[in-house]
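Worksheet for the structure shown next.
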Amino acid sequence: MTENPFFRPSTLDYELPPFAEIREEHYLPAYERGMAEQLAEIAAITADGNPPTFENTLVALERTGELLRRVDVVFRNQSSSDTTDVLDEVEAKVSPLLAVHHDAIHLDRALFARIEELYRTRDRLGLDPESLRLLERRYGAFERSGARLGEAEQARLRGLNADLAALGTTFQQNVNAANRASALVLDSAAELAGLSEDAIAGAAENARVLGHEGRYVLSLQNTSGQPALAQLTDRSVRERLLAASLGRGIEENGPIAIRMAGLRAERAELLGHPSHAAYVVADETAGTVEAVSALLARLVGPAVANARREAAELARVAAADGVEEIAAHDWAYYSEKVRQESFQVDAAVLRPYFELERVLRDGVFFAANLAYGLSFTERPDLTAHHPDARVFEVFEEDGTALGLFIGDFHARASKRGGAWMDSLVEQSELTGQRPVVLNNLNIPRAAPGEPVLMSWDEVRTLFHEFGHALHGLFSRVRYPLFSGTAVPRDFVEFPSQVNEMWMVRPEVLANYARHHGTGEVLSPELVERITAAEGFGQGFRTVEYLAATLLDWAWHTVPRGEEITDVEEFEARALAAAGIAVDAVPPRYRTAYFQHIFASGYSAAYYAYIWSEVLDADTVQWFEGNGRPVRESGEVFRRELLARGFSRDPLESFRAVVGRAPETGPLLARRGLL
Ligand SMILES: [Zn+2]
């Protein structure tokens with residue numbers, strides 16, 4: 001019996017977790033010991049007979065919980081990117097325990113008393129700005145977590161947190177099961193008419209793997225919209241596919257959503273806020289429900305008008321097929337036709353220009369070199385969490401080693417949908433650790449021996465997630481609490497969205513968008529048409545996004561005690577009330593599979609994407625219009641913003657780059673909402 005590899009710090013380069021040694025049975029004991037160890041470390045802080053000092057309390061607290069952090073980052077990634085029944089069980093066990101653990105720390109009165117005493121005398125402690133901020137943020141976090149409540153209220157709060165954690169895990173596992181159960185199974189290849197040969201072969205292979213040998217299976221992606229809807233010529237198949245998508249999970253997850261919204265409202269009230277949304281945004285850069293509502297309200301009208309204009313355009317093309325009214329399952333299909341007809345852009349023609357390896361090295365890495373001087377060396381000697389995942393060492397322009405980047409690009413049945421970034425090791429000057437960051441995507445595999453070709457959206461996602469990776473890699477803070485992407489949710493999508501700009505930057509595009517067979521460069525003229533065609537879809541994209549955002553908002557501005565009985569009716573009412581109900585444009589996520597808000601950290605925060613996009617569009621304009629060389633602008637963005645993490649007010653970091661407060665003009669222009 002070998003020792004649990006989590007029990008000691010990794011001895012690998014960059015303290016990369018020792019994936020080769022980690023087994024499923026190591027997680028639970030490591031979690032248990034990790035939580036116990038952290039509580040013991042905290043008990044030692046509160047038992048200190050000396051009066052509290054910044055060093056013996058705040059810094060000591062930052063140093064606690066190392067083992068727990070080691071196991072937690074690895075487990076969260078593993079259970080998302082390559083889960084098993086055993087890991088699902090561990091997650092179901094652990095998530096309520098973690099909620100209890102979080103409360104055990106934040107409701108520890110002796111610990112809070114020490115922090116409070118320091119907080120009261122903070123002006124006299126002679127702290128540097130980052131240390132002062134650590135004290136203020138920690139104090140605020142304890143307050144927000146209920147440290148001031150009485151005994152009975154704290155007991156209720158503990159119960160609410162544990163219940164919510166368990167419900168969130170069940171919700172997620174139900175989504176995974178519903179995605180599998182709702183996949184569309186078709187009998188004949190004829191029903192798949194319109195899809196490429198590769199895609200039809202993929203559906204056959206998918207059927208084989210899922211035990212439907214001889215048939216064809218279209219698996220569901222996370223979002224309401226499904227890629228095949230753009231190509232399937234058989235209208236009834238489109239209708240069935242979209243119905244499967246929109247209807248999944250409602251029976252299992254509808255009641256859970258109702259319950260969670262109720263518990264969240266109760267918790268918000270307990271903590272002194274009128275709604276869960278008010279509680280959440282108080283700690284975001286937006287600050288208030290009103291600020292968020294005002295931005296959303298400003299966008300709804302113009303977005304809906306755009307979508308209606310697009311619908312009229314689609315109807316014109318669809319009339320030729322005898323389609324009288326554009327239904328939701330027609331939208332993507334006829335959008336594709338309009339793109340081909342009006343812009344002469346065919347999605348299928350683009351794919352051969354986007355080969356994964358080339359997009360990664362000659363696009364994403366190339367842009368990081370252009371803007372920040374980085375270079376990348378693959379390290380096949382280092383083992384990641386899955387054979388698909390690749391490890392790269394990242395170097396500064398002067399050759400200094402910066403950190404590790406792990407890319408796990410492919411879809412598999414054991415991976416949840418979507419794309420995301422994780423930090424396996426967080427940079428901190430206090431702990432001396434350097435960053436290890438990871439990107440997960442869901443790009444379908446190619447047939448053996450064939451190159452992996454990507455869609456335009458997948459290319460964008462690769463640049464986006466790498467933007468998060470850079471945020472983690474460039475972190476240069478003292479305290480782990482502020483490291484890299486540990487910024488508010490309505491700020492964290494900003495650097496990643498900014499990184500998307502490189503995708504279409506002419507010198508970058510010309511470097512990576514080459515035909516995998518002929519080496520021919522994607523013509524600038526075609527790129528121009530793609531960009532124009534992108535503009536055409538903005539009405540749809542903005543409305544589907546805003547509809548999901550306003551659903552999230554509706555669920556989380558419900559005052560305590562308001563009874564919701566029927567989820568579908570609630571959705572319909574919420575969308576109508578917000579003026580975003582466009583029949584043929586369903587929300588990007590419906591309640592029953594809206595994992596962001598019921599199973600991960602985005603409850604009352606889905607608005608964060610558009611909020612961040614205000615900063616993003618403004619910054620891209622700055623990059624393009626400031627007259628400095630790219631490399632110099634990159635350096636400013638890195639030094640003043642990416643490197644700072646949460647060690648100072650994020651909006652101050654923004655101002656340090658752009659030279660003023662954010663403005664909405666560039667976003668409105670980009671989305672055609674002026
Ligand atoms: Zn993101």
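Treat the numbers as computed from the prediction; the structure is a model and nothing was measured. Whatever order the structure lists them in is the order used to number ligands and atoms, beginning at 1. The figures that follow rest on heavy atoms only: side chains count, while hydrogens, waters and symmetry mates do not.
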- request: Looking only at N, O or S atoms, find the one in Glu493 nearest to the Zn ion (ligand 1) and name it.
  value: OE1

- request: State the OG-CG distance between Ser475 and Leu470, to the nearest 0.5 angstrom.
  value: 12.5 Å

message: To the closest 0.5 Å, what do you measure between CH2 (Trp553) and NE2 (His276)?
response: 9.5 Å

task: Examine Glu465 and say whether one of its N/O/S atoms is closer to the Zn ion (ligand 1) than 2.8 Å.
output: no

- prompt: Is it true that a side-chain atom of Ser245 and a backbone atom of Ser224 form a donor plus acceptor pair closer than 3.5 Å?
  reply: yes

- prompt: Between Phe365 and Phe392, how do the two ring planes meet: parallel, tilted or perpendicular, split at 30° and 60°?
  reply: perpendicular

- prompt: At the Zn ion (ligand 1), what's the angle from His464 NE2 to His468 NE2, rounded to 10 degrees?
  reply: 100°

